[in-house]
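One structure is given below, encoded as structure tokens.
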Amino acid sequence: MNDILTFLILTLFVIMSPGIDTALITKRTMADGQTGGYKMALGLASGSLVHTLAATFGLSALLLQSALAFEIVKYAGAIYLMYLGISAFLSKKSNASSSVKEEKSKETSAFRQGLVSNVLNPKVAVFFLTFLPQFVQSDQNVTLQLLLMGITYTILAITWFFVFVFFINYLRKWLTTPSVQRFMDKATGVVLIGFGLKLAFEKHK
């Protein structure tokens with residue numbers, strides 16, 4: 001029971017700490033509203049499920065053992081994050097007369113961006129591979145334990161993301177005023193580019 005409580009508390013701290021996910025969700029919610037933010041959150045959570053399966057069935061271990069595989073995924077993720085950051089930094093206010101079709105395209109893109117950003121981040125794989133095993137009981141089914149912990153992490157993450165999107169959307173009227181939006185776009189862009197550069201220079205251990 002103590003191990004479970006410790007796992008839940010540490011997981012919540014990890015999920016709630018500001019990072020790439022927070023920056024992406026904030027940007028999408030401000031740009032496209034609550035629905036866009038929720039779809040971004042679902043994409044990020046789906047990426048966590050991918051890493052859960054990878055860690056459970058040993059793909060993450062292979063990724064860590066292979067310097068080449070790590071470098072390929074690392075740079076792909078870093079480039080994608082920097083692309084998102086540059087896009088945010090250079091973004092212009094969207095046209096209010098956008099069609100319904102364009103809005104749906106944005107929402108689909110939000111899910112895809114969240115999924116791709118999470119899946120291509122090898123640090124997430126490292127986290128799952130190093131964090132989850134700390135709470136594994138060796139005398140029980142290891143595969144099942146890893147799956148359950150990964151699913152628990154994903155459920156907690158999506159819950160927090162949805163709450164975060166709700167409050168960001170609540171403040172959206174103020175946050176989307178031209179001056180604040182320009183500042184937030186630039187700040188979000190800098191954060192994403194910074195994370196991308198940090199990821200690119202992360203050394204494989």
Side-chain angles (χ1 to χ4, degrees), residues 7-56 76-78 80-85 87-89 91 94 98 100 102-128 131-132 147-176 180-181 184-185 187-196 199:
F7 169 75
L8 292 175
I9 293 173
L10 289 177
T11 298
L12 282 173
F13 269 107
V14 169
I15 291 169
M16 295 173 68
S17 61
I20 297 171
D21 295 349
T22 304
L24 290 174
I25 290 174
T26 300
K27 176 181 181 295
R28 178 57 61 171
T29 304
M30 287 179 57
D32 298 337
Q34 204 164 355
T35 302
Y38 287 152
K39 290 208 169 188
M40 174 66 78
L42 287 171
L44 290 166
S46 298
S48 295
L49 285 177
V50 171
H51 284 292
T52 295
L53 294 174
T56 300
Y80 187 73
L81 283 176
M82 285 188 281
Y83 163 75
L84 293 178
S87 297
F89 196 81
S91 67
S94 58
S98 298
V100 174
E102 290 172 335
E103 287 299 317
K104 287 184 178 179
S105 174
K106 285 181 181 179
E107 292 169 7
T108 302
S109 176
F111 177 86
R112 185 172 61 248
Q113 283 186 352
L115 176 64
V116 172
S117 173
N118 197 294
V119 170
L120 289 182
N121 188 347
K123 293 193 74 174
V124 180
V126 173
F127 168 78
F128 272 85
F131 180 71
L132 299 186
L147 279 173
L148 289 175
M149 284 189 288
I151 291 171
T152 300
Y153 176 94
T154 303
I155 292 173
L156 290 175
I158 198 64
T159 301
W160 166 247
F161 290 158
F162 272 36
V163 171
F164 184 73
V165 168
F166 175 81
F167 282 106
I168 288 294
N169 188 67
Y170 183 76
L171 298 172
R172 188 182 176 213
K173 185 175 181 180
W174 173 75
L175 289 172
T176 52
V180 175
Q181 189 171 16
M184 291 297 292
D185 279 339
T188 302
V190 169
V191 169
L192 290 174
I193 293 171
F195 275 115
L199 184 60

Please identify which of these residues, Val119, Leu120, Asn118, meets the side-chain contact (heavy atoms from CB on, under 4.5 Å) condition with Val116. Leu120
Nearest non-hydrogen partners of [X] and [Y], listed with the distance:
X: Arg28; Y: Ser109; answer: NH2-OG, 4.1 Å
X: Gly36; Y: Ala110; answer: O-CB, 3.6 Å
X: Ser117; Y: Ile20; answer: OG-CG2, 4.0 Å
X: Ile155; Y: Ile158; answer: O-CG2, 3.2 Å
X: Gly37; Y: Thr29; answer: CA-OG1, 3.3 Å
X: Thr154; Y: Ser48; answer: OG1-CB, 3.7 Å

At what distance, to the nearest 0.5 angstrom, does [atom1] of [X] lie from [atom2] of [Y]?
X: Asp21; Y: Phe164; atom1: CG; atom2: CZ; result: 10.5 Å
X: Ile15; Y: Trp160; atom1: CD1; atom2: CH2; result: 10.0 Å
X: Leu115; Y: Lys39; atom1: CG; atom2: NZ; result: 13.5 Å
X: Gln34; Y: Ile168; atom1: CD; atom2: CD1; result: 11.5 Å
X: Leu12; Y: Phe7; atom1: CG; atom2: CZ; result: 9.5 Å

Do the ring planes of His51 and Phe128 sit parallel (below 30°), tilted (30 to 60°) or perpendicular (above 60°)? parallel
Give me the ring orientation class for Tyr170 and Phe166: parallel if the planes are under 30° apart, tilted from 30 to 60°, perpendicular past 60°. parallel
If we only count heavy atoms from C-beta on, is the [X] to [Y] side-chain gap below 4.5 Å?
X: Leu24; Y: Leu44; answer: yes
X: Val165; Y: Thr26; answer: no
X: Tyr153; Y: Leu49; answer: no
X: Thr152; Y: Leu8; answer: yes

